[in-house]
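Written out below as structure tokens is the structure these notes cover.
Just so we're on the same page: letters track the sequence lines, and every chain starts at 1.
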Protein chains: 2
Amino acid sequence: MKILIADDDKVVHEALGIYLRAEGFEPVNVYDGNAAIEALTPDIALCVLDIMMPGKSGIEVCKEIRKTSHLPIIMLTAKGEEVDRIIGLELGADDYIVKPFSPREVVARIKAVLRRTQEQQESDNSALVFNGLTIDLKSYTVTLRGEPVVCTPKEIEILHMLASNPGQVFTREQLLNRVWGYDFAGETRTVDTHIKRIRAKLDSEGLGWSIKTIYGVGYKFEVE
Amino acid sequence: MKILIADDDKVVHEALGIYLRAEGFEPVNVYDGNAAIEALTPDIALCVLDIMMPGKSGIEVCKEIRKTSHLPIIMLTAKGEEVDRIIGLELGADDYIVKPFSPREVVARIKAVLRRTQEQQESDNSALVFNGLTIDLKSYTVTLRGEPVVCTPKEIEILHMLASNPGQVFTREQLLNRVWGYDFAGETRTVDTHIKRIRAKLDSEGLGWSIKTIYGVGYKFEVE
DNA sequence: CCTTACTGTGAACAAATGGTGAAAACACAG
DNA sequence: CTGTGTTTTCACCATTTGTTCACAGTAAGG
């Protein structure tokens, strides 16, 4: 996996290079902002941008990238560049690291950011499939034992959220926030009603999964 | 997501409130240290503490919190209080911000700290595992010798708190504060009853761990 | 031993939570 | 505007969970 490192300090490249290769990454080293932009082939998985660089600053590069892609970006800032730090995040960087840093820290953050962004992509995409049940958020369809089940949008969204993290308990508030949006003002008991209807439509008898209530906490989709 | 803001300056509350709400956070405003401690219910996700406050200083509040929890804390310090800055971080605060600050900066830092700590927790969150016992707070399940054990939320939370710090003694008050929330008014003996029930459900015979009573102090989860 | 303070326990009681059905409010297409 | 399907709210009841309390049991320290 290729990681683009843009920094004018050779020491940074050397230090990160050792640790990145040890973790199976393939560092691509550039020394200024313009080179960074040129080096951005589609096989780059993530890029680390120093803010202070000759040519184009890290901030400019970050802006440039964000115009066309969601490529994960980690900013490097020297101590004292407080302002830049914030700007970096506002520009859409995924993380920032303050110099001086330990190479291990950087690698840990890189892995964390990659994990995050990969998870996001996975959760957006494909249909969920369980024993006798499929949930496809793209076409808003649910099938049970091969037969299509007519579900309302809210029902599908709740089911999808629960089923994309089997075993994990979601509180009613978490469900409201994710499915309804943060500005929903209503009762948490609304969730109960939807769960009831989902259960009524989805007879999971003998299929090895079910929607469980965790008393005092919330609901979870459980697979045996 | 609730953010506790403890500062004696009303202007700070107003400024941060606007930006926090815009980002979907729910600010909880208190004006002195004692109020901060009282307001610390378990649904607070992070707290911002001014160092100079009437009643209890931010430093004292921070110390108090750190006795029983890893709640993310951001300290606010007036310019020139360099010493406090260091003390703040030594006390276990997660970040510090020097006044005067821009509200945007504070919000950016809050998000950064939350992301960091959430990631940590995710890696911690993976179930606690002991010989023959697993405790998974994410799915609210406990298993003993492979068999699931039905536990109530309070039972799991107490067990989890004890088991995440094996060997450390927790007083009944500390357990009440963390599991019930700082505003719980009832008897400390309530804890005894829950411990009794946990013990009844978790027969640890020959598994090398147990919940021990420390006479006159509290309880601990002990591993041989 | 003996006293004292603390803890374990069971049962009664109180509180909180969840399931449900029906009705009201709402959204949207015709 | 009307009718249909969806979403939300609400009140009821059943159930689970949490709390308290009195009393018995046990450790600590003289």
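The shortest side-chain heavy-atom distance between B/Leu128 and B/Ser164 falls under the 4.5 Å cut-off. The shortest side-chain heavy-atom distance between B/Phe130 and B/Pro166 falls under the 4.5 Å cut-off. In this structure the side chain of B/Leu133 never reaches within 4.5 angstrom of the side chain of B/Leu207, judged on heavy atoms. By the 4.5 Å heavy-atom criterion applied to side chains, A/Leu4 and A/Leu71 are not counted as neighbours. At least one side-chain heavy atom of A/Ile65 sits under 4.5 Å from a side-chain heavy atom of A/Cys47. The shortest distance between side-chain heavy atoms of A/Lys212 and B/Tyr140 does not fall below 4.5 Å.
An OP1 or OP2 oxygen of C/dG8 is reached within less than 4.0 angstrom by a side-chain nitrogen or oxygen of B/Tyr219.
Rounded to whole angstrom, the span from the CD1 atom of A/Ile211 across to the P atom of C/dG19 amounts to 11 Å. One can place CD of B/Glu173 at 13 Å from P of C/dC6, the figure rounded to the nearest angstrom. Between B/Ile214 atom CD1 and C/dT7 atom C1' the separation is 13 Å, expressed in whole Å. Atom CG of A/Leu176 and atom P of D/dT7 are 14 Å apart (whole Å). A/Ile198 places its CD1 atom 14 Å from the C1' atom of D/dT6, with the value rounded to the nearest Å.
Rounded to the nearest 0.5 angstrom, B/Lys220 NZ and B/Asn165 CG are separated by 12.5 Å.
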Close N/O contacts between protein and nucleotides 27-30 of chain C (under 3.5 Å):
none

(message) Walk along nucleotides 14-30 of chain D from 5' to 3' and tag each nucleotide B, S or - by protein heavy-atom contact under 4.0 Å, base first, then sugar-phosphate.
(response) -BBSBBB------B---
Output a table of donor-acceptor pairs, distance under 3.5 Å, between side-chain atoms of residues 147-154 of chain A and any protein atom two or more places apart or on a different chain; print 'none' if there are none.
{"from": "A/Thr152", "atom 1": "OG1", "to": "A/Glu155", "atom 2": "N", "distance (Å)": "3.4"}

